[in-house]
Amino acid sequence: MALGLAGRVVRRSQGFLEPGEQVWRVVLAQGGLNPWLQSAFFLSGLIGARLAVASWGGPGVFGLFWSVLGAVGGAFLANVFISRRVVLMTDRGVVVLEYGRFSTVKPTRLVARLPLGTAMGPLSGLWARTELAGERLWVHRRWHGSVTAPAVPHVGER
């Protein structure tokens with residue numbers, strides 16, 4: 001089995017695959033909000049909390065605490081509007097799985113099983129926009145190579 005995140009994802013996804021199905025590629029993606037908009041939630045929480053504390057006349061350390069708390073709250077709120085996806089390209093097709101918003105990459109349900117050869121690309125930029133299974137997804141540059149690579153076994157054997 002391949003090491004690293006892709007290997008762990010494949011191991012955790014076995015319950016959603018057909019017997020004997022081989023995973024060739026793993027792609028992590030997210031649906032919902034544009035990833036750049038997530039930063040706006042974070043900054044809004046940070047600035048909003050900082051302004052609120054400043055209007056109360058709180059001391060510096062107190063203001064820093066509330067600023068950090070506001071930023072974390074903004075990031076948490078952004079996660080509510082995001083759906084996380086694992087896309088597995090296998091020898092039999094493309095499997096789209098959902099995984100939890102606030103947990104590690106552990107698939108929780110099958111979203112779609114698409115035919116072999118279903119395209120995700122072309123992808124470009126830091127966060128590439130694509131559509132798969134009727135859902136708009138954002139794929140980080142880290143995973144672009146997995147999408148464009150030739151369809152040959154990559155992740156490892158079961």
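Nothing fancy with the numbering, it's 1 onward along the sequence.
Between Q14 atom CD and L88 atom CG the span is 9.0 Å, to the nearest 0.5 Å. To the nearest 0.5 Å, atoms CZ (F81) and CG (N34) are separated by 14.5 Å. In this structure, CD in Q30 is found 4.5 Å from CD1 in I82, a value given to the nearest 0.5 Å.
Here the side chains of W24 and D91 are in contact, with some heavy-atom distance below 4.5 Å. Looking at T90 and V95, their side chains come closer than 4.5 Å, going by heavy atoms from C-beta outward. Looking at heavy atoms from C-beta onward, P107 lies out of side-chain contact with E98 at the 4.5 angstrom threshold. In this structure, V139 and V87 have side chains that are not in contact, with every pair of non-hydrogen atoms separated by 4.5 Å or more. Contact check for L97 versus R109: no side-chain heavy atoms found under the 4.5 Å cut-off.
Hydrophobic clustering keeps W138 apart from L28 (ILVMFWY residues linked when any side-chain heavy atoms are closer than 4.5 Å, directly or through intermediates).
For R141, there are no side chain to side chain donor-acceptor pair (under 3.5 Å) partners two or more places apart in sequence or in a different chain. Under the side chain to side chain donor-acceptor pair (under 3.5 Å) criterion, T130 pairs with no residue, sequence neighbours left out. With sequence neighbours left out, the salt bridge (Lys or Arg N to Asp or Glu O under 4.0 Å) criterion links R142 to no other residue. Checked against salt bridge (Lys or Arg N to Asp or Glu O under 4.0 Å), R12 has no partners two or more places apart in sequence or in another chain. The side chain to side chain contact (heavy atoms under 4.5 Å, CB included) check on E131 picks up nothing, with sequence neighbours excluded.
Between R92 and E18 there is a salt bridge, with a side-chain nitrogen of the basic residue lying less than 4.0 Å from a carboxylate oxygen of the acidic one.
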Could you pull out every donor-acceptor pair under 3.5 Å between side chains of residues 110-119 and any protein atom, sequence neighbours left out?
| unit_1 | atom_1 | unit_2 | atom_2 | d |
| --- | --- | --- | --- | --- |
| R113 | NH1 | E21 | OE1 | 3.3 |
| R113 | NH1 | E21 | OE2 | 3.0 |
| R113 | NH2 | F16 | O | 3.1 |
| R113 | NH2 | E21 | OE1 | 3.4 |
| T118 | OG1 | P115 | O | 2.6 |

